[in-house]
Amino acid sequence: MTASAENVTTVNNIALSLNELSKSYQDDRHNNPYPAIDNFSLDVIKGEILALLGPSGCGKTTLLRIIAGFEVPQQGSVQIADREITGPKSWVVPEKRNVGFVFQDYALFPHLNALQNVMFGLKGMNRKKREERAKEVLDLVGLNIFSKRMPHQLSGGQQQRVALARALAPSPSVILLDEPFSNLDAAARGSTREEVRQILKKANATTILVTHDQEEALSFADRVAVMRAGKLEQIGIPEKVYASPRTAFVASFLGHTNLLWGNATENSAETILGCIPLSCPAKGNVLLSIRPEDLCFNDTVGIDAEITHREFKGHDLTFHCRLTTTGEDIEVQTDNECAVKIGSQTKIVMKGVAVPLEGSNR
Ligand code: ATP
């Protein structure tokens, strides 16, 4: 487990600090400025990979652009280590920030080969030194043998690694990855993601990845920061954020979930699924998140339901069930061998715990 995964922030292990950032754009429809980033604060730990996850339009790219110095916030500051690079009284131009940026479309120069593309990112050293450093980083990303190839002679995944090498070459304090895998097909995405993760870890690079793909964020990052409408909704290690979402928004955005009301007394709650255990004590009326994998079918005990729909997903199955007494729709996830058929009657029981969500009487 990395230092970041332990979620320990001390003053001297922070690589990047975002403090109370706000950025508004003019709204064409209402003629009022509206906040794309709203009082946003976050510390990124040295060497960690942090994923900024959120729906389209929640402000992820705007935040990256503020860090890179392509946007000026109306409020707040950005610090790299102990140096303020954006603030009410400070401004460092993008090329002096020591921030590496990898764009969605890689943005390689089509007329330069892989080595020349990487050398382009290096300033302030002679040609021999630039070439040496570029070869070293191409080696790190496993592409030395392709150093003479032009971008169009490389696959999408290989172009992505050249773009990463170009960003890593000047040893930046922070690397920003803006949806870097979205142009790759599903098979290449998985393998490139793992390769890129290993390269970043080997280089001990402090990284922010922007994505709206929850599976990508959970598998790639040491910590996940979930954004909603310009605000930070929740931050933590992937396992924690997935298993203990703070709000209904986080619970639903990070995967499938059943949202049910319950009447809680300490560690259990009365619900339409019967009396079920809670992940933490709660009292009174509470909104609960129950992951489909925390439910299962049983022949003898449980709440009566009819199977209305079945989705085969390869490694697992999702069933949509209608509760006989209340008519509520509930999702249940099983392994891919479950033989329950559409239209059949079954019983649903809880095998995990329900998570009480904020906004109710938690
Ligand atoms: P996506 O995942 O679709 O890329 P995002 O989370 O990166 O979205 P942003 O691109 O940061 O979102 O945009 C946040 C909000 O700010 C959106 O409502 C967007 O329309 C608006 N916005 C972004 N750039 C500008 C701009 N230059 N002028 C006006 N509005 C803008």
Side-chain angles (χ1 to χ4, degrees), residues 16-44 49-78 85-86 91 93-94 97 99-107 156 160 163-164 167 174-186 189 192-193 196 206-221 223-236 238 241-242 245-255:
L16 173 77
S17 239
L18 310 178
N19 309 302
E20 298 176 356
L21 286 171
S22 290
K23 168 80 189 174
S24 291
Y25 292 109
Q26 199 63 34
D27 186 336
D28 316 334
R29 292 158 301 175
H30 305 101
N31 239 2
N32 289 325
Y34 67 95
I37 300 295
D38 192 359
N39 207 21
F40 191 101
S41 297
L42 175 71
D43 286 333
V44 187
I49 299 178
L50 180 109
L52 273 181
L53 176 69
S56 183
C58 74
K60 305 179 296 291
T61 301
T62 303
L63 204 57
L64 281 202
R65 290 175 58 79
I66 291 174
I67 298 167
F70 304 146
E71 293 283 357
V72 186
Q74 281 95 3
Q75 182 200 292
S77 64
V78 179
I85 53 170
T86 288
W91 178 254
V93 292
R97 293 188 169 214
V99 169
F101 211 126
V102 178
F103 300 92
Q104 198 168 346
D105 58 359
Y106 324 137
Q160 183 56 272
L164 185 64
V174 180
I175 293 244
L176 308 175
L177 308 176
D178 192 2
E179 307 247 6
F181 310 113
S182 55
N183 281 344
L184 301 172
D185 61 49
R189 204 178 306 148
T192 307
R193 210 152 67 189
V196 167
T206 305
T207 306
I208 299 183
L209 164 83
V210 152
T211 180
H212 54 252
D213 178 336
Q214 49 98 2
E215 188 191 309
E216 182 164 297
L218 294 175
S219 61
F220 190 78
R223 278 195 306 164
V224 174
V226 184
M227 280 184 80
R228 181 191 193 186
K231 289 183 189 291
L232 181 62
E233 187 93 350
Q234 186 168 356
I235 183 165
V241 181
Y242 182 80
R246 203 169 56 77
T247 61
F249 174 81
V250 175
S252 310
F253 198 74
L254 282 188

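For ligands, and for the atoms within them, numbers begin at 1 and follow the listed sequence. Hydrogens, waters and symmetry mates are skipped; everything else that's a heavy atom, side chains included, is used.
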Enquirer: Does ligand 1 have an atom that lies less than 4.0 angstrom from a heavy atom of Pro55?
Expert: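 Judged by the 4.0 Å heavy-atom criterion, Pro55 does count as contacting ligand 1.
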Enquirer: Should the ring pair Phe103 and Phe70 be called parallel, tilted or perpendicular, given that the plane angle runs from 0 to 90° and is split at 30 and 60?
Expert: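 Ring orientation, 0 to 90° scale: parallel.
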Enquirer: Do side-chain atoms of Glu20 reach the backbone of Gln75 as a donor and acceptor pair under 3.5 angstrom?
Expert: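 It does not hold such a pair.
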Enquirer: For atom 9 (P) of ligand 1, what's the nearest protein heavy atom and its distance?
Expert: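 Of the protein heavy atoms, Thr62 OG1, 3.6 Å lies nearest.
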Enquirer: For Arg246, does its backbone N or O pair with a side-chain atom of Gln234 as donor and acceptor, under 3.5 Å?
Expert: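 Present.
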Enquirer: Treating Lys60 as the side-chain partner and Met227 as the backbone partner, does any N or O pair qualify as donor plus acceptor under 3.5 Å?
Expert: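 A pair under 3.5 Å: no.
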Enquirer: Side chains of Thr211 and Glu216: any donor to acceptor distance under 3.5 Å?
Expert: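 A pair is found: one side chain offers a donor N or O, the other an acceptor, under 3.5 Å apart.
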Enquirer: In the protein, which heavy atom is nearest to atom 14 (C) of ligand 1, and how far is it?
Expert: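 Going by distance alone, atom 14 (C) of ligand 1 is nearest to Gly57 O, 3.4 Å.
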Enquirer: Hey, does Lys60 come in under 3.5 Å of ligand 1, counting only N/O atoms on both sides?
Expert: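 Indeed, backbone or side chain, Lys60 has an N or O that close.
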Enquirer: Nearest to atom 27 (N) of ligand 1, what protein heavy atom do you find, and at what distance?
Expert: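 Atom 27 (N) of ligand 1 sits closest to the protein heavy atom Tyr25 CE2, 3.6 Å.
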Enquirer: Check whether any heavy atom of Gly54 sits under 4.0 Å from an atom of ligand 1.
Expert: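 No, that is not the case, since the closest heavy atom of the residue is not under 4.0 Å from the ligand.
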Enquirer: Suppose we measure from atom 18 (O) of ligand 1 to each protein heavy atom; which comes out shortest, and what is that distance?
Expert: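 Of the protein heavy atoms, Tyr34 OH, 3.6 Å lies nearest.
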Enquirer: Give a yes or no on this: more than 12 heavy atoms of other residues, nucleotides or ligands lie within 6.0 Å of atom CD of Gln74.
Expert: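 Buried by this count: over 12 neighbours within 6.0 Å.
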Enquirer: Check whether Ser22 reaches the backbone of Asn39 with its side chain - one donor and one acceptor, N or O, closer than 3.5 Å.
Expert: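 Yes, because the side chain of Ser22 sits within donor-acceptor range (under 3.5 Å) of the backbone of Asn39.
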Enquirer: Nearest protein heavy atom to atom 7 (O) of ligand 1, by residue and atom, and its distance?
Expert: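 Going by distance alone, atom 7 (O) of ligand 1 is nearest to Thr61 OG1, 2.7 Å.
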Enquirer: If I apply the N/O under 3.5 Å rule, does Ala36 come out as touching ligand 1?
Expert: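 No, since none of the N or O atoms of Ala36 sits under 3.5 Å from an N or O of ligand 1.
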Enquirer: Enumerate the atoms of ligand 1 whose separation from the nearest heavy atom of Ser56 is less than 4.0 angstrom.
Expert: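 Selected atoms, number and element: 1 (P), 2 (O), 3 (O), 8 (O).
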